[in-house]
Amino acid sequence: MQFAHNSVVWFRQDLRIHDHPALTQACEFAQLHDSNLTAIYFVTPKQWAEHDVAAIQIDFIERHIEQLNQRLAAIGIELTVVNLSTFDDILPWLKAYCAEHHIGQIFAANESEFNERQRDIKLINAGIPLRLIEQDCVLATGTVNNLSGQMYKVFTPFSKAWKKIASSQPIVPLGIPAFRQPIAAPSLSRFNCDEFYPQRVTSELWAAGEDCARKQLKQFIENDIADYQQYRDLPAIDGTSKLSPYLAIGVLSPRQCVAGILFYYPDALVNDASPAKTWLNELIWREFYRHLLVAFPKLSRSQSFNELGQFIQWRNDNDEFQAWCQGQTGYPIIDAAMRQLNQTGWMHNRLRMVVASFLTKHLLIDWRWGEQYFRQHLIDGDLAANNGGWQWSAGTGCDAQPYFRVFNPMTQSSKFDPDASFIKHFVPEVADWSLKHIHEPHLKAHHINSMADLFSERAKQEKAYPQPIVEHGFARKRALEVLGALKRG
DNA sequence: CAGGCCTTGCT
DNA sequence: GCAAGGCCT
């Protein structure tokens, strides 16, 4: 029998060749042994459907896989796309592959989600020579702890500790490994997802490719990061980085983002007044939620962080949930946000908080319903951040919003979309309403005053837009009673 | 261990 | 001004 010197790099949610430690180590291994190195990607649509991965994200992934294929070929690595069904199919496939191709080592980036970790542990226990490289976070999960040696449960002390550690070590992204002579890029198997994803959904708002992502990162840090704090809450303005789709599938690494910040703002980790501090904090939130996912695996299984969360008496009215999903609640700001999600696969962060608060508090619908709907539609779907954000809104999470803080959709509307230009774009029915009525829709009279109105286009349109699904004062009081009951026991 | 502190607000 | 209560040092 031939000695097993060949190796594989297994790509998951890390679809890039820059700053990819597992890829780099695989190349070094193959150079050392003068052996073969190939790359694989597993398509597991049944697993993805169980995880509520959005069709638009799968399309985004497939477009990046084609790009990755070209880039890998340029350094002499052949990529194979393998169509399977679930994670459980990977073990037999890898067993056969390792035997046939004399594979001695499989390199892969670690993942923080529970099922993904279980998959890897099972493979290792079954004898698959899988070597996991910690590269999911800038600072590996489990390495940022309080003085008791435990994971932090409050963001601010976590972020301080994180910055202290990060500032004491070099943050230098790896380049593209110089490996072998280019080969012709192989033709890849198409993703076979039709059974679980009959509808293909493509986004034109995010270009595919590592080069696009890197350019967008550079431009954001160079031009926009200092204004981020000022503009990030205004959905009508392009004030956010819009990099989340790339981070979610690993076209960019978080280390590239932090290194980018430090290139332009070298003191960002130690200077609390740095213009880059607000966006840096967002990256640290990403790390916080991932570290939590590993420290508290129940979060991956949709259990509330706060034990009391399981006792909340959700109303869970299905018709109201549908109205929320479809952007038909009668609150223009809520409906504009949900339609942005439905139409583009992305929603502005401020609005994610607004609609999450509305669903969980005004409608008293279980945050899990909203979390699932978000994942099913977001191009940047990411378990850690999505779960963290929803539990923060619902008040069940780690370092969450207090239960008695109920966002006022009218205040949020006038504060963050003052001229209603965002709302009007996604809810044209209200485009000719006064600003006052757009922000405070309950003041808008929906009466039809005359026969002329009845037949006018305007009357039809206004009739088509629903009355507010629930009155704010009433809903607020109801939420405080239901959620407050828990605390009183 | 007592005391300061705690993402994005509300009335 | 207020709204708990737990976390962190």
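The chains referred to below are lettered A, B, ... by the order of the sequence lines, with proteins before strands, and numbering in each begins at 1.
When heavy atoms are screened at a 4.0 angstrom cut-off, A/Phe404 is found touching base atoms of the nucleic acid. A/Gln229 comes within 4.0 angstrom of nothing in the nucleic acid, heavy atoms only. As judged by a 4.0 angstrom heavy-atom cut-off over every strand, A/Arg476 is placed among residues touching the sugar-phosphate backbone only. As judged by a 4.0 angstrom heavy-atom cut-off over every strand, A/Lys415 is placed among residues touching the sugar-phosphate backbone only.
A/Asp335 contributes atom CG, which lies 8.0 Å from atom CZ of A/Phe358 (distance to the nearest 0.5 angstrom). To the nearest 0.5 Å, the span separating CG on A/Asn146 from CE on A/Met151 amounts to 9.0 Å. Annotation: the span from A/Leu243 atom CG to A/Arg214 atom CZ amounts to 12.5 Å, rounded to 0.5 Å.
When rounded to the nearest whole Å, the span between CE of A/Met151 and C1' of C/dC8 equals 13 Å. Following rounding to the nearest Å, A/Ile333 (CD1) and B/dT8 (P) show an atom-to-atom distance of 19 Å.
The shortest distance between the side-chain N/O atoms of A/Arg405 and the OP1/OP2 oxygens of B/dT8 is below 4.0 Å. Close to B/dG9, at under 4.0 Å from its OP1 or OP2, lies a side-chain N or O of A/Gln412. A/His348 has no side-chain polar atom (N or O) that falls below the 4.0 Å cut-off from OP1 or OP2 of B/dT8. At C/dA4, one or more side-chain N or O atoms of A/Tyr403 fall inside 4.0 Å of OP1 or OP2 (strictly under the cut-off). A sub-4.0 Å separation between OP1 or OP2 of B/dG9 and a side-chain N or O of A/Asn408 is absent.
Ring-plane geometry between A/Phe321 and A/Trp369 is classed as perpendicular, the angle between the planes exceeding 60 degrees on a 0 to 90 degree scale with a lower cut at 30. The aromatic rings of A/Phe191 and A/Trp48 lie tilted to each other, with the angle between the two planes from 30° to 60°. Relative orientation of the A/Trp285 and A/Phe288 rings is perpendicular, given thresholds of 30° and 60° on the angle between their planes.
Note that A/Arg339 lies outside the cation-pi zone of A/Phe426, set by a 6.0 Å cut-off to the ring centre and a 45° limit from the axis.
Atom P of B/dT11 sits at a distance of 16 Å from the matching atom of C/dA4, rounded to the whole Å.
Among residue pairs with one or both ends in residues 257-272 of chain A, none qualify as salt bridge (Lys or Arg N to Asp or Glu O under 4.0 Å); sequence neighbours excluded.
Contacts between residues 380-390 of chain A and DNA chain B, defined by a heavy-atom separation under 4.0 Å, are absent.
Where DNA chain B pairs in unbroken runs of 3 or more (Watson-Crick or G-U, both distances under 3.5 Å), the stems are B:2-6 with C:5-9.
Under a 3.5 Å cut-off, the side chain of A/Ser414 and the backbone N or O of A/Met410 do form a donor-acceptor pair.
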